[in-house]
**Q** 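There's a structure below that I have some questions on.
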Amino acid sequence: MAWFGRKVSNKVENEVEETPEWETDLPQVRADLHDPRRAAVRHAIDQGDFLTVRGYLTAAPQDAWWLISGDDTASQDAVEIARGWVQERPEDGWAHFALGALRCSWAWEARGYSYASGVSDEGRRLFKERLPWAEESLHRAAEFLPGNAAPWVGLLRTGRSLRLDLPALEERFQEGHVREPFSAELCEQMTQTLTRKWFGSGEISVAFARWILAEAPVGSAAHGCLALAHVEDSIQAMHAGRDLTDFFRDSSVGADLQRAAERSILALAPGAPVGVAMVRTGNYLALAVSVGDHDVLAHRVLSVLRGRYGIFPWSLMGEPARRARIAEVFASRAAGTPSLAYRG
């Protein structure tokens, strides 16, 4: 993508390096965000071990959707295993939730992740066939987990995929929000819903995320939605021919990113655990501030993130590991620290 070429050429055009620093020591960029719970949950699903899966979900209901469906991959075998759990435990909301989340991922796996124009007829057919099954399971989960926001996170995702109208999706957001105010998972789903590629625009999604910034408590990972909204808007701006570095250098965007960082990942006490929702926030922020050459702020964010890079959102800008490495190098140069110091 152009911003990396511009960033590199502008900052090191007079350097002579046989192998540039950003081409070496690439970080591990992982879909599980370096969280061992994801692999443990997947292994338990494969083994048909519902009690272990349930244990992880009940221990961290705020992460439940991500633990099962965060990367939108699932096999038919996994779906069948979860169907068996529901048959054995028809009144266990977490069994219904697991089945709904896996069915949603199974639908997306059939569709693929390209723009609509790149989806095959068969992929589109399977997507439309499987999503209502996911909806059915998640509605059942909501019945049996009446005080939990997790089913509503899933229902917002499936409802958006089914192209329900915006008022219906807003109602689903409110149902989840009442149960868990400013749930990071729920707020991220609604931010995506309000982007231009779905039901809104850059202005609408950013306005929603600014509402979160104003109302959510300091230390909430939901503040990362403002970086997410700007990242998604920047992709549309890029397609319209706008330079991404200029986009993120805009004073209002820069101010948003600074405030979002200060109220989320930078509000954590030194040495405090960084949960997976905050890791997602850190990734959104690190990408955005690096693109905009806010390298001192990038240094502060990366120092807390400690190398826990995810495929998204870095993949929006090309090869994720190289993009994250470039962010590390220029942040470290701005701060006068070794670039590998950001690794955990």
Side-chain angles (χ1 to χ4, degrees), residues 1-8 10-11 22 26-31 33-34 70-71 184 187-188 191-192 195 197 202 205-206 209 213 221-239 242-250 252-266 274 276-335 339 342-343:
M1 292 279 177
W3 78 268
F4 284 105
R6 173 174 169 176
K7 190 179 188 83
V8 170
N10 281 0
K11 294 192 174 182
W22 55 86
L26 297 183
Q28 286 191 339
V29 178
R30 292 169 40 172
L33 295 172
H34 302 255
D71 60 359
C187 289
E188 288 171 49
T191 300
Q192 289 282 7
T195 59
K197 68 184 181 183
S205 61
V206 168
L213 190 72
H223 293 300
C225 289
L226 191 48
L228 173 61
H230 281 304
V231 167
E232 290 286 359
D233 192 29
S234 76
I235 300 303
Q236 302 300 322
M238 181 189 68
H239 291 160
R242 186 171 179 187
D243 181 271
L244 288 186
T245 299
D246 289 341
F247 179 96
F248 283 102
R249 278 180 174 172
D250 180 272
S252 65
V253 175
D256 278 348
L257 297 174
Q258 180 77 42
R259 291 180 62 210
E262 296 287 356
R263 290 180 65 81
S264 60
I265 194 167
L266 299 182
V274 184
V276 72
M278 194 65 81
V279 170
R280 292 195 303 271
T281 283
N283 275 266
Y284 303 148
L285 284 163
L287 173 64
V289 298
S290 182
V291 173
D293 290 344
H294 306 293
D295 291 325
V296 173
L297 182 55
H299 163 73
R300 295 177 65 198
V301 172
L302 292 172
S303 295
V304 181
L305 194 56
R306 308 299 298 171
R308 291 177 64 182
Y309 305 119
I311 293 173
F312 183 83
W314 300 95
S315 59
L316 294 173
M317 305 293 176
E319 201 286 309
R322 184 168 185 267
R323 282 28 186 177
R325 182 63 179 140
I326 290 171
E328 287 183 336
V329 168
F330 288 111
S332 70
R333 293 183 181 186
S339 62
Y342 299 121
R343 310 292 173 84

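The basis for the numbers below is simple: all heavy atoms, side chains too, and nothing from hydrogens, waters or symmetry mates.
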**Q** About how many Å separate CG of L244 and CD1 of I235, when rounded to the nearest 0.5 Å?
**A**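 The CD1 atom of I235 sits 6.0 Å away from the CG atom of L244.
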
**Q** Quick one: CG on L302 to CZ on F330, what's the gap to the nearest 0.5 Å?
**A**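 L302 atom CG to F330 atom CZ measures 13.0 Å (nearest 0.5 Å).
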
**Q** Can you list the residues that meet the salt bridge (charged side-chain N to carboxylate O under 4.0 Å, His left out) rule with R343, with sequence neighbours excluded?
**A**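 Salt bridge (charged side-chain N to carboxylate O under 4.0 Å, His left out) check on R343 returns E328.
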
**Q** With a 4.5 Å cut-off on side-chain heavy atoms, are D256 and V206 touching?
**A**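 Sidechains of D256 and V206: in contact.
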
**Q** Which value, rounded to the nearest 0.5 Å, describes the distance between R263 atom CZ and T281 atom OG1?
**A**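 Reported to 0.5 Å precision, the distance equals 13.0 Å.
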
**Q** Mind listing the closest non-hydrogen atom pair of G202 and D233 along with its distance?
**A**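 In terms of heavy atoms, the two residues are closest at CA-OD1, 3.4 Å.
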
**Q** For side-chain hydrogen bond (donor to acceptor under 3.5 Å, both in side chains), just list the numbers for H299 and Y342, CA-CA rounded to whole Å, side-chain angles, deciding distance to a tenth of an Å, and then say yes or no.
**A** CA-CA 8 Å; H299 163 73; Y342 299 121; 2.8 Å; yes

**Q** Using every non-hydrogen atom in the two residues, find where A184 and A222 come nearest and quote the distance to one decimal.
**A**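 Of all heavy-atom pairs spanning A184 and A222, the closest is CB-N, 4.1 Å.
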
**Q** Specify the closest pair of heavy atoms between G254 and H294, including all atoms of both residues, with the distance to one decimal.
**A**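 For G254 versus H294, the nearest heavy atoms are CA-NE2, 4.0 Å.
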
**Q** Could you walk me through whether R300 and V304 pass side-chain contact (heavy atoms from CB on, under 4.5 Å), step by step?
**A** CA-CA 7 Å; R300 295 177 65 198; V304 181; over 6 Å; no

**Q** To the nearest 0.5 Å, how far apart are CZ in R259 and CG in L213?
**A**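 Between R259 CZ and L213 CG, I get 4.5 Å after rounding to 0.5 Å.
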
**Q** Any non-hydrogen side-chain atom of R333 less than 4.5 Å from a side-chain atom of D295?
**A**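 R333 vs D295: side chains apart.
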
**Q** To the nearest 0.5 Å, what is the distance between NE2 (H34) and CD (Q28)?
**A**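 Those atoms lie 6.0 Å apart.
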
**Q** Assess whether side-chain contact (heavy atoms from CB on, under 4.5 Å) is satisfied between N283 and L305, documenting all intermediate values.
**A** CA-CA 8 Å; N283 275 266; L305 194 56; 3.9 Å; yes

**Q** Could you check whether any side-chain heavy atom of F248 comes within less than 4.5 Å of a side-chain heavy atom of L287, counting everything from C-beta outward?
**A**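 Result no, sub-4.5 Å side-chain heavy-atom pair not found.
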
**Q** Nearest 0.5 Å please: distance from the OG atom of S303 over to the CG atom of L266.
**A**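 That separation rounds to 9.0 Å.
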
**Q** Tell me, please, which residues at least two apart from S339 pass side chain to side chain contact (heavy atoms under 4.5 Å, CB included).
**A**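 With neighbours one apart ignored, the set is E21, R325, V329, S332.
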
**Q** Going through the distances and angles, do Q192 and E188 end up as a side-chain hydrogen bond (donor to acceptor under 3.5 Å, both in side chains)?
**A** CA-CA 6 Å; Q192 289 282 7; E188 288 171 49; over 6 Å; no

**Q** Less than 4.0 Å between a side-chain N and a carboxylate O, is that true for D293 and R249?
**A**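 Salt bridge between R249 and D293, a charged N being under 4.0 Å from a carboxylate O: yes.
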
**Q** For residues R308 and M278, determine if any side-chain heavy atom of one lies less than 4.5 Å from a side-chain heavy atom of the other.
**A**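 Heavy-atom side-chain distance check fails, nothing below 4.5 Å.
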
**Q** In sequence, state the C-alpha distance, the side-chain angles, and the governing distance for F312 and L228, and then conclude on side-chain contact (heavy atoms from CB on, under 4.5 Å).
**A** CA-CA 10 Å; F312 183 83; L228 173 61; 4.0 Å; yes

**Q** Taking all non-hydrogen atoms of both residues, which atom of V301 and which atom of G282 are closest, and how far apart?
**A**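 Here V301 and G282 meet closest at CG1-O, 3.6 Å.
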
**Q** Which heavy atom of V29 sits nearest to which heavy atom of A321, and what is that distance?
**A**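 The pair with the smallest heavy-atom distance is CG2-CA, 3.4 Å.
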
**Q** So do M317 and S234 actually touch side chain to side chain, heavy atoms under 4.5 Å?
**A**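 Answer yes - side chains close enough.
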
**Q** If I compare all heavy atoms of F247 with all of A237, which pair ends up nearest, and what's the gap?
**A**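 In this case the closest contact between F247 and A237 is CD1-CB, 3.8 Å.
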
